[in-house]
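Computed from a predicted structure; not experimentally measured. Index from 1, following the sequence.
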Amino acid sequence: MSVVDLTRNGDCAVLTLNRPEALNALSFAIIRDIGAAFDEVAEMEGVRALLIIGAGEKSFCAGADIKELRNRPLMDQLRGAELGQSVFARLDTLPVPSVALVNGYAFGGGSELALACTFRLASENAVFGLPEIKLGLIPGYGGTQRLPRLIGEGRALEIIMTGRNVKADEAERIGLVNAVVEGDLMQAGLEFAGKFTRYSLPALGFARSAVQRAADLPLAEGLRVEAELSTLAYRTQDAEEGMAAFEEKRKPEFKDG
Ligand code: CO8
């Protein structure tokens with residue numbers, strides 16, 4: 001098994017970070033492999049969601065590989081940050097939504113990977129944190145940008161500037177995760193994905209895109225984006241099928257077109 005393991009469970013692709021002896025820490029090579037796996041997911045026939053999990057009971061991902069970071073020249077660090085950012089940003093443009101299954105520690109780059117996913121589910125023992133400040137660093141894979149968008153500037157600054165841990169129950173309370181799950185997290189992830197996988201992928205993509213762009217746009221422009229994307233959705237065969245099925249009192253059969 002490689003460190004980045006891509007498998008399939010029903011209509012979900014499952015990416016497992018498989019380096020439990022280092023709590024699934026991310027070397028630059030592993031980040032590149034994650035990027036290659038995302039490209040593969042984009043090409044997988046019939047896949048309707050991507051689930052990301054860490055191997056082992058203890059950790060989703062303990063962040064960037066600190067031992068590797070220490071010995072890098074400055075230019076490499078910049079390239080490293082850009083690499084991590086561009087690979088994680090790829091999740092926004094995948095044809096399918098992604099769900100981080102945070103089973104234990106999600107620190108630094110691990111939290112940032114979870115933040116870049118469309119959704120986050122946490123096990124009861126999940127612990128989030130951006131502890132870079134304790135290393136004399138700051139987050140480099142999107143944490144300073146995505147965390148405030150998700151939970152607001154005040155809370156995000158406090159978490160980033162104190163480097164403190166956020167346990168699962170608090171993460172749920174502040175909106176950092178969609179839900180905390182008792183029991184089998186993978187099973188819960190498959191059930192969670194099942195709530196949207198039956199819908200039209202283009203419509204799901206337009207919805208993601210409209211909401212994600214809201215954070216960067218003034219309201220008037222965002223409303224224009226919404227009008228454009230909802231019109232594009234309206235023109236799909238799936239919208240025709242969805243509305244016809246409503247009138248005919250039957251279940252729609254979406255074809256992703
Ligand atoms: N990098 C490399 N190795 C790690 C990492 C990591 N991030 N985290 C854990 N490991 C290794 C440990 O060194 C240890 O290996 P060994 O057995 O060979 O000594 C093994 O995993 C198990 O870890 P611990 O013994 O420490 O396990 P504990 O249960 O005692 O502690 C913790 C678990 C609390 C998670 C602890 O391991 C820890 O604090 N890890 C570091 C967490 C952290 O600070 N992460 C942020 C890293 S920085 C980052 O992600 C972004 C930087 C900005 C990037 C900019 C790009 C240039």
_side chain to side chain contact (heavy atoms under 4.5 Å, CB included), that's the test. Do Asp5 and Leu15 meet it? Break it down for me._
CA-CA 6 Å; Asp5 187 22; Leu15 188 155; over 6 Å; no
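- Checking side-chain atoms of Thr16 against main-chain N and O of Asn18 turns up no donor-acceptor pair under 3.5 Å.
- The closest side-chain heavy-atom distance from Asp33 to Val3 is not below 4.5 Å.
- Of the N and O atoms on the side chains of Ser200 and Asp238, at least one donor lies less than 3.5 Å from an acceptor on the other residue.
- Of the possible donor and acceptor atoms, none in the side chain of Thr118 sits under 3.5 Å from a partner among the backbone N and O of Pro97.
- The hydrophobic cluster containing Tyr105 does not contain Leu69, counting ILVMFWY residues as joined when their side-chain heavy atoms lie under 4.5 angstrom apart, directly or transitively.
- Heavy-atom neighbours of Glu21 CD from other residues, nucleotides or ligands within 6.0 Å: above the threshold of 12.
- Nearest heavy atom pair, residue Ala179 against residue Glu172, reads CA-OE2, 3.6 Å.
- Looking at every heavy atom in both residues, Phe28 comes nearest to Gly80 through CZ-CA, 3.6 Å.
- Criterion: ILVMFWY side-chain heavy atoms under 4.5 Å apart, direct or through other members. Under it, Leu23 and Ile30 are not part of a common hydrophobic cluster.
- Using a 4.5 Å cut-off on side-chain heavy atoms (C-beta onward), Asn9 and Leu51 make no contact.
- Salt bridge status for Glu45 with Arg8: absent, with no side-chain N to carboxylate O gap under 4.0 Å.
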*Verdict with supporting geometry, Leu147 and Ile159, side chain to side chain contact (heavy atoms under 4.5 Å, CB included)*: CA-CA 9 Å; Leu147 189 62; Ile159 289 167; 4.1 Å; yes
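- Arg164 contributes no side-chain N or O that, together with a main-chain N or O of Gly129, makes up a donor-acceptor pair within less than 3.5 Å.
- Of the inter-residue distances, the one linking Cys117 atom SG with Leu94 atom CG reads 9.5 Å to the nearest 0.5 angstrom.
- Taking CG of Leu219 as the start and CZ of Arg224 as the end, the distance is 11.5 Å to the nearest 0.5 Å.
- Here Phe206 and Tyr234 keep their ring centres 6.0 angstrom or further from each other.
- A distance of 10.5 Å separates CD in Glu221 from CG in Asp216, rounded to the nearest 0.5 Å.
- With values rounded to the nearest 0.5 angstrom, Leu130 atom CG is found 7.0 Å from Leu115 atom CG.
- A salt bridge between Arg250 and Glu241 is present, with a side-chain N of the basic residue lying under 4.0 Å from a carboxylate O of the acidic one.
- No chain of hydrophobic side-chain contacts below 4.5 Å, direct or via other Ile, Leu, Val, Met, Phe, Trp or Tyr residues, connects Met243 to Leu232.
- A pairwise comparison of heavy atoms in Leu17 and Asn24 identifies O-OD1, 3.0 Å as the closest pair.
- Annotation: the span from Phe60 atom CZ to Asn125 atom CG amounts to 13.0 Å, rounded to 0.5 Å.
- Nearest approach of Leu50 to Val96, heavy atoms of both residues: N-CG2, 4.0 Å.
- Between Glu112 and Phe88 the shortest side-chain heavy-atom distance falls below 4.5 Å.
- Put simply, the side chain of Met161 reaches to within 4.5 Å of the side chain of Leu157, judged on heavy atoms.
- Checking side-chain atoms of Arg149 against main-chain N and O of Gln145 turns up a donor-acceptor pair under 3.5 Å.
- Both Ile66 and Ile160 belong to a common hydrophobic cluster when Ile, Leu, Val, Met, Phe, Trp and Tyr are linked at side-chain heavy-atom distances under 4.5 angstrom.
- The distance between the ring centers of Phe119 and Phe192 falls below 6.0 angstrom.
- Connection of Phe107 to Ile31 is not established within any shared hydrophobic cluster, with ILVMFWY side chains joined at heavy-atom distances below 4.5 Å, either directly or through further cluster members.
- Within a 6.0 Å sphere centred on CD of Gln212, other residues, nucleotides and ligands contribute more than 12 heavy atoms.
- The 12-atom threshold is exceeded at CD of Glu248, counting heavy atoms of other residues, nucleotides or ligands nearer than 6.0 Å.
- A donor-acceptor distance shorter than 3.5 angstrom exists from the side chain of Asp184 to the backbone of Gln187, with no hydrogens or angles considered.
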*Would you check, one step at a time, whether the test side chain to side chain contact (heavy atoms under 4.5 Å, CB included) holds for Asn103 with Lys58?*
CA-CA 7 Å; Asn103 54 325; Lys58 202 172 158 182; over 6 Å; no
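- Between Arg48 and Asp256, some side-chain heavy-atom pair lies under the 4.5 Å cut-off.
- One finds no salt bridge joining Arg70 and Asp65 here, because no Lys/Arg side-chain nitrogen approaches an Asp/Glu carboxylate oxygen to under 4.0 Å.
- One N or O on the side chain of Ser123 and one on the backbone of Val102 form a donor-acceptor pair closer than 3.5 Å.
- Arg120 approaches Leu176 most closely through the heavy-atom pair NE-O, 2.9 Å.
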*asked:* Run Glu40 and Glu43 through side chain to side chain contact (heavy atoms under 4.5 Å, CB included) and show every step you take.
replied: CA-CA 5 Å; Glu40 231 180 288; Glu43 300 298 321; 5.9 Å; no
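- How far CD of Glu153 is from CD of Glu158: 13.0 Å, rounded to the nearest 0.5 Å.
- The minimum heavy-atom distance between Thr162 and Ile133, with the atom names listed, is C-CG2, 4.0 Å.
- Without hydrogens or angle criteria, Gln85 side chain to Tyr141 main chain gives no donor-acceptor distance under 3.5 Å.
- Taking 4.5 Å as the limit, some side-chain heavy atom of Ile52 sits within range of a side-chain heavy atom of Leu113.
- Contact of the Ser209 side chain with the Leu229 side chain is registered, since non-hydrogen atoms from C-beta on lie closer than 4.5 Å.
- Between Glu82 and Leu78 the shortest side-chain heavy-atom distance falls below 4.5 Å.
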